[in-house]
Amino acid sequence: MVRPLLSITLALHEAPLFSRRQSEEILNHFLGGVRDLLMENESVALSVYIAGRFLNIAHQRKTTLLSQLRTFTEEGRLEWLGGGMYDPLLPILPNKMQSLQIRAHRRSLESLVGVRPRGFWLPSTVWEQSLIGLLVREGFEFTLLESDQIENATWRTPLSDGYWTVEDRGRVLRILSIDRELSDQLIAEGAEELMSHFEPQEAELKSRVLSFSFLRDQRGVYEEQWWDPLRDLVRRLTQWGDRAPQFKVLSSQIDERLPAVGMNLHSSVGRSLGLDERLHSCRDLLLQQPESNYLHKRMIWLWKNIERLPEGRSKKSLEEALMPVASLYWYRNGKYGGGVRYLEDRAACHKILNDVELQLRKASQIEGARFDSVDFLGNGDRQLLYRGDQFGFLVEPRVGGRIRSLDYHPHSLSLINGYHPAKPEFPGSVHYAVDSICGLRDWFAPAELNDVASWLQYLQDDRGLLQSPHESNFRIREEGAQVWLSGEQL
């Protein structure tokens, strides 16, 4: 009889809107749960990922929990995974920013627990082919993807007896497959329903990877109750004695498995980005969600200006200040769990961007107003960008003078925050649909609207609202002016 291998991965993701006290409580509870699971069962091994924000808090507190976890790490029962400092959306970042995110997290982890991670945790398992070279150059040997991502890419059931490999110009990275169905089933149905999946096999060695993210709802819900089914599963399995699975950290699955199967996987995303299931690239998020695209392009614009500064403390400080805006958290388009659909989140992200811009103006010794004609939005066209001491705005002159941003610098406030004040999707909902980034929108209204009450009622009913901006397509004739609209605008 061959005992299967079982790896359990626990993750604590980036959660920028938690208060300091909330973050400390969550971190202590999470680390305490890891310690208890390892102390109660000597045969158990775990792999853990913690986002950089929580690592920084752990550095400052230096609790006794850390010394206990160091002991488990030295015994080989606890493995720490690397990642980006703020759970960044790596494929859409400049090369240097990618490396800064990864190295900042690695330095923090090495200082905290004294290990250099072999595996890399991808937020929302966002994957692109370009990550192979990046992760290999940064010293990582493997990463993890969801089982359905691999199945969609290969039209084959993910391996249960090994791992996959991806290669790009001589660089090879290993991919372990997370059994998402089994992981979710454990939380939903409990351990008792899953026991048959871990029975010893007659000949073939099987392996499974279960993964649990304890901040799945990143807006304030720490999944404390998830520890109960995990403990129950471990308790039931360890009672099997010699028939129990072999608990392994993830890197042991790499070391102890046979040569792997290669695959070609260009781009793929996990389930939490809020993309249509037919879309497989995080870049589709920027194409489908205008506000996500604006946040990204403003971050890139600031980054380019920061990189023009001379090397020194000021430049390094600005690079570090901009890093939190790279977090996948801000760009997500899901109905739940935070992200671009939430006004509070958009406001918080814009505040970081405004603060960085003010620091950049000071470091660059820029005073007064500055007007530029630039391709700010990266769409091949030029926009008018105005930045002053008090206000800044972006205008698209070729599509009806549409205002895309309006920032009030003294209060780090974005007055046009990329949202249309639509009704909630259902009563009591905190989710608001983001149907356009436009702060000012194009309307056609009848001439008889000659009082304030009529205008307000007309606007509230969304009558006359164009679906896309007009193109200033006017024709002047003797009998009067004509306005030409396309079918997409109506």
Side-chain angles (χ1 to χ4, degrees), residues 89 92-97 283 285-310 314-315 317-319 321-326 330-331 340 343 345-420 434-442 466 468-472:
L89 203 52
I92 62 173
L93 300 184
N95 293 341
K96 183 179 178 181
M97 187 184 284
R283 298 175 193 276
L285 186 63
L286 306 182
L287 297 174
Q288 299 290 323
Q289 177 47 270
E291 176 67 5
S292 294
N293 185 56
Y294 177 76
L295 292 175
H296 174 254
K297 296 306 182 289
R298 190 175 180 196
M299 175 186 68
I300 295 298
W301 179 79
L302 286 169
W303 177 260
K304 289 179 179 179
N305 282 275
I306 291 171
E307 292 307 292
R308 294 191 183 105
L309 295 174
S314 179
K315 179 178 180 179
S317 175
L318 283 167
E319 289 175 340
L322 190 60
M323 282 171 61
V325 184
W330 307 113
Y331 301 91
V340 72
L343 174 59
D345 291 352
R346 296 198 301 277
C349 188
H350 278 290
K351 185 179 187 309
I352 299 173
L353 290 165
N354 282 328
D355 287 342
V356 171
E357 183 173 342
L358 289 176
Q359 296 175 46
L360 176 61
R361 287 175 64 87
K362 183 178 180 180
S364 304
Q365 298 181 337
I366 295 175
E367 295 181 358
R370 181 175 176 177
F371 231 131
D372 292 312
S373 175
V374 296
D375 184 8
F376 184 94
L377 297 174
N379 60 4
D381 199 2
R382 286 184 174 270
Q383 299 84 44
L384 297 178
L385 179 66
Y386 171 85
R387 313 312 287 176
D389 294 332
Q390 297 290 316
F391 285 95
F393 59 82
L394 181 71
V395 174
E396 290 184 282
R398 285 158 54 87
V399 284
R402 180 167 59 177
I403 296 180
R404 298 296 294 262
S405 72
L406 179 59
D407 303 311
Y408 182 54
H409 292 151
H411 288 172
S412 292
L413 180 65
S414 179
L415 299 175
I416 294 178
N417 215 18
Y419 70 100
H420 173 54
V434 183
D435 58 356
S436 175
I437 193 174
C438 308
L440 302 182
R441 314 203 52 198
D442 290 329
L466 297 186
S468 63
H470 68 75
E471 303 286 344
S472 302

Determine whether Leu322 and Met97 make a side-chain contact, defined as any pair of heavy atoms from C-beta on separated by less than 4.5 Å.
yes

Name all residues meeting the ring-ring contact (aromatic ring centres under 6.0 Å, His included) criterion together with Trp303; count only those two or more places apart in sequence or in a different chain, and write none if there are none.
none

Please list, chain by chain and in numerical order, all residues satisfying salt bridge (charged side-chain N to carboxylate O under 4.0 Å, His left out) with Arg387, sequence neighbours excluded.
Glu357, Asp407

Residues in ring-ring contact (aromatic ring centres under 6.0 Å, His included) contact with Phe391, at least two apart in sequence or another chain
Tyr408

For residues Tyr331 and Val325, determine if any side-chain heavy atom of one lies less than 4.5 Å from a side-chain heavy atom of the other.
yes

Show your reasoning for whether side-chain hydrogen bond (donor to acceptor under 3.5 Å, both in side chains) applies to Asn305 and Arg361.
CA-CA 10 Å; Asn305 282 275; Arg361 287 175 64 87; over 6 Å; no

Tell me every residue that passes side chain to side chain donor-acceptor pair (under 3.5 Å) with Arg382, counting only those two or more places apart in sequence or in another chain.
none

Applying side chain to side chain donor-acceptor pair (under 3.5 Å) to Asn379 and not counting sequence neighbours gives Gln383

So CD of Gln288 and CG of Asn293: to nearest 0.5 Å the spacing works out to 11.0 Å

Sub-3.5 Å donor-acceptor pair from the side chain of His296 to the main-chain atoms of Leu286, do we have one?
no

Write down the atom of Lys297, the atom of Leu377, and the distance for their closest heavy-atom approach.
CE-O, 3.4 Å

What's the separation between atom CZ in Phe376 and atom OH in Tyr294, rounded to the nearest 0.5 Å?
4.5 Å

Less than 4.5 Å apart, side chain to side chain, heavy atoms only: is that true for Leu285 and Val340?
no

Can you see which heavy atom on Ser414 is nearest to which on Asn354, and at what distance?
N-ND2, 3.9 Å

If I take atom CH2 from residue Trp301 and atom CG from residue Leu394, how far apart are they, to the nearest 0.5 angstrom?
10.0 Å

When you measure from the side chain of Asp375 to the backbone of Gly380, do you find a donor-acceptor pair of N or O atoms at a distance under 3.5 Å?
yes

Going by heavy atoms in the side chains, are His409 and Asp389 under 4.5 Å from each other?
no

Residue list, side-chain contact (heavy atoms from CB on, under 4.5 Å) with Ala369, at least two apart or on another chain
Tyr386

Quick one: do His350 and Glu291 satisfy side-chain hydrogen bond (donor to acceptor under 3.5 Å, both in side chains)? Show the steps, please.
CA-CA 11 Å; His350 278 290; Glu291 176 67 5; 2.8 Å; yes

When every non-hydrogen atom of Ala321 is compared with those of Pro324, the smallest separation belongs to O-CD, 3.3 Å

Tell me, do Leu302 and Leu318 make a side-chain contact under 4.5 Å, heavy atoms counted?
no

Got a sec: does the NZ of Lys96 have more than 12 other heavy atoms crowding it under 6.0 Å?
yes

Got a second to check how far Gln359's CD is from Asp355's CG, nearest 0.5 Å?
6.5 Å

In terms of heavy-atom contacts, Leu93 and Leu89 come closest through CG-O, 3.5 Å

Between Trp330 and Leu295, what is the shortest heavy-atom contact and its length?
O-CD1, 4.1 Å

side-chain contact (heavy atoms from CB on, under 4.5 Å), that's the test. Do Leu309 and Leu360 meet it? Break it down for me.
CA-CA 9 Å; Leu309 295 174; Leu360 176 61; 4.0 Å; yes

Does any non-hydrogen side-chain atom of Ile306 lie less than 4.5 Å from one of Glu319?
yes

